[in-house]
Peer 1: 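Dropping the structure in here first, questions after.
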Amino acid sequence: SPTAVRSLGFRTQGYRPDPHEYTHYMDKRARVLRGPAGRAALMKGGIIWRLAMDTESVNAMDVHRGPSEESRWFGQRLGTDNHYDCSIIDDALDESECEVICGVYQIDMGKGNGRKHSSWWPRQSTWDGSGFCVGQWTPDAEAWYQSRLEEIRTGKAELYSATEWGKKLKF
C-alpha cells in the first residue's frame, strides 16, 4: 500500500515505554491512517476500528464514500461481478499497517534468543478471540479501552505480547 510508515521499529529487552513514546506512536498511527487506510480501518471493526476513531486524521464519513482510487492497486479483491465482468475491490490494510495501528514493536530478546512482538494495544486477531469481540463495540469494551488509556497517560502501561494480551482480555 502507499503508506510510508512500515513499522514502529525495534526495542531492547526490558524496554519500558512512557507517555512520550505513546505520543510518538500516535503520530505514526495517524500517518498510517491518513487516506484509504483510515477508511479500511473503520471498516475492519474491533480494536482497529476503535483506534482509528481516536485518530484525528480519520473521518468516519469516508466509509460512505466508497473505495478509494488506490484500492485498484493496493486494495483487496472481494469477488467478481459476473454481470459486468469485473472485480469487486475495496480498501484494505496490510499486516504492517495493522501492526502500526496496534502499536506493535519488535523486542530484541538478547543474544541468540530472537525477537518477540509487544504492543500498546492487542492485535486484531487477539481482540477477535477475546470476550470483548461480540460483533459490536460494547460499553464493556469502551470501559476497558478508557482504562487502558488511563494507564498509558499515567505512565503505568506496559507493552504486552499476544499471549499476554490474550490473558489480559479474559473476563
Side-chain angles (χ1 to χ4, degrees), residues 1-60 62 91-110 113-171:
S1 87
T3 304
V5 179
R6 304 312 299 168
S7 85
L8 295 177
F10 297 89
R11 300 295 184 269
T12 57
Q13 184 178 13
Y15 172 73
R16 298 267 315 166
D18 60 30
H20 175 75
E21 180 73 20
Y22 190 77
T23 300
H24 179 70
Y25 145 70
M26 287 192 335
D27 290 343
K28 286 191 172 188
R29 182 178 80 193
R31 287 197 343 235
V32 165
L33 290 171
R34 283 189 186 104
R39 181 180 177 279
L42 292 172
M43 303 272 297
K44 191 139 184 91
I47 192 67
I48 286 184
W49 167 84
R50 185 62 185 87
L51 292 165
M53 290 296 292
D54 224 9
T55 304
E56 287 184 27
S57 62
V58 175
N59 180 348
D62 288 344
D91 295 307
L93 296 169
D94 66 31
E95 187 62 29
S96 67
E97 290 168 326
C98 290
E99 292 207 350
V100 170
I101 293 166
C102 292
V104 177
Y105 297 90
Q106 294 184 50
I107 308 295
D108 186 349
M109 297 307 293
N113 292 323
R115 296 185 180 116
K116 74 174 187 173
H117 293 91
S118 291
S119 59
W120 287 107
W121 299 96
R123 290 175 167 167
Q124 185 74 24
S125 59
T126 304
W127 182 264
D128 289 349
S130 78
F132 287 109
C133 183
V134 294
Q136 64 183 357
W137 195 258
T138 65
D140 286 339
E142 186 62 23
W144 174 86
Y145 182 80
Q146 293 301 325
S147 174
R148 176 65 177 165
L149 277 177
E150 185 60 22
E151 287 178 1
I152 292 165
R153 284 186 200 113
T154 59
K156 296 175 184 167
E158 295 181 38
L159 302 178
Y160 298 113
S161 69
T163 301
E164 293 165 327
W165 274 119
K167 291 175 185 173
K168 292 213 161 279
L169 293 175
K170 294 221 184 288
F171 284 98

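Only this structure's heavy atoms are used, side chains among them; waters, hydrogens and symmetry mates stay out. This chain uses plain numbering: 1 for the first residue, then up along the sequence.
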Peer 1: Cut-off 3.5 Å, no hydrogens considered: what does the side-chain donor-acceptor table look like for residues 151-158, sequence neighbours left out?
Peer 2:
{"from": "E151", "atom 1": "OE1", "to": "R148", "atom 2": "NH1", "distance (Å)": "3.1"}
{"from": "T154", "atom 1": "OG1", "to": "E150", "atom 2": "O", "distance (Å)": "2.8"}
{"from": "T154", "atom 1": "OG1", "to": "E151", "atom 2": "O", "distance (Å)": "3.3"}
{"from": "E158", "atom 1": "OE2", "to": "R16", "atom 2": "NH1", "distance (Å)": "3.4"}

Peer 1: If we count only N and O atoms by modelled type, under 3.5 Å, do the side chains of Y160 and W120 hold a donor and an acceptor together?
Peer 2: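 Their side chains do not contain a donor-acceptor pair, so the 3.5 Å distance test is not met.
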Peer 1: Could you tell me the separation between the CG atom of D108 and the OG1 atom of T12, rounded to the nearest 0.5 Å?
Peer 2: 7.5 Å
Peer 1: Mind checking what makes ring-ring contact (aromatic ring centres under 6.0 Å, His included) contact with W127, not counting sequence neighbours?
Peer 2: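 Counting only residues at least two positions away or on another chain, W127 forms a ring-ring contact (aromatic ring centres under 6.0 Å, His included) with F132, W137, W144.
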Peer 1: Any heavy-atom pair between the side chains of F10 and I107 that's under 4.5 Å?
Peer 2: no
Peer 1: Let me confirm one number: the NZ-OG distance from K168 to S161, rounded to the nearest 0.5 Å.
Peer 2: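 Result: 10.5 Å between the selected atoms.
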Peer 1: Side chains of I47 and I101: does their closest heavy-atom pair fall under 4.5 Å?
Peer 2: no
Peer 1: Can you tell me which residue among W165, Y25, Y105 is in a side chain to side chain donor-acceptor pair (under 3.5 Å) with S119?
Peer 2: W165
Peer 1: Between T55 (side chain only) and L51 (backbone N and O only), is there a donor and an acceptor less than 3.5 Å apart?
Peer 2: yes
Peer 1: A side-chain contact here means heavy atoms from C-beta on lying under 4.5 Å apart; do K28 and L8 qualify?
Peer 2: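 In contact.
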Peer 1: Should R29 and D54 count as side-chain neighbours, where that means a heavy-atom distance under 4.5 Å?
Peer 2: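 With C-beta onward as the side chain, the pair touches.
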Peer 1: Using a 6.0 Å cut-off, check whether atom NZ of K116 has over 12 heavy atoms from anything other than its own residue.
Peer 2: yes
Peer 1: Would you say the side chain of W49 lies within less than 4.5 Å of the side chain of L42, judging by non-hydrogen atoms?
Peer 2: yes
Peer 1: For I48, does its backbone N or O pair with a side-chain atom of Q124 as donor and acceptor, under 3.5 Å?
Peer 2: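 Such a contact is found between Q124 side chain and I48 backbone.
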Peer 1: Under the salt bridge (Lys or Arg N to Asp or Glu O under 4.0 Å) criterion, do R11 and E21 qualify, and how do the steps go?
Peer 2: CA-CA 12 Å; R11 300 295 184 269; E21 180 73 20; 2.5 Å; yes
Peer 1: Using 0.5 Å steps for rounding, measure from the OG atom of S7 to the CD atom of Q106.
Peer 2: 6.5 Å
Peer 1: Could you give the distance from CD (Q146) to CD (E142), rounded to the nearest 0.5 Å?
Peer 2: 4.5 Å
Peer 1: Is any side-chain heavy atom of M43 less than 4.5 Å from a side-chain heavy atom of R39?
Peer 2: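 In contact.
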Peer 1: Rounded to the nearest 0.5 Å, what separation is found between the CD atom of Q13 and the OG atom of S118?
Peer 2: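 Between Q13 CD and S118 OG, I get 10.5 Å after rounding to 0.5 Å.
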Peer 1: If you look only at pairs with a residue in residues 26-45, which of them pass as a ring pair (Phe, Tyr, Trp, His ring centres under 6.0 Å), with sequence neighbours excluded?
Peer 2: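 For residues 26-45, and leaving out neighbouring residues, there are no ring pair (Phe, Tyr, Trp, His ring centres under 6.0 Å) pairs at all.
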Peer 1: When you look at L149 and Y22, which way does the side-chain contact (heavy atoms from CB on, under 4.5 Å) test go after all the steps?
Peer 2: CA-CA 10 Å; L149 277 177; Y22 190 77; 3.8 Å; yes
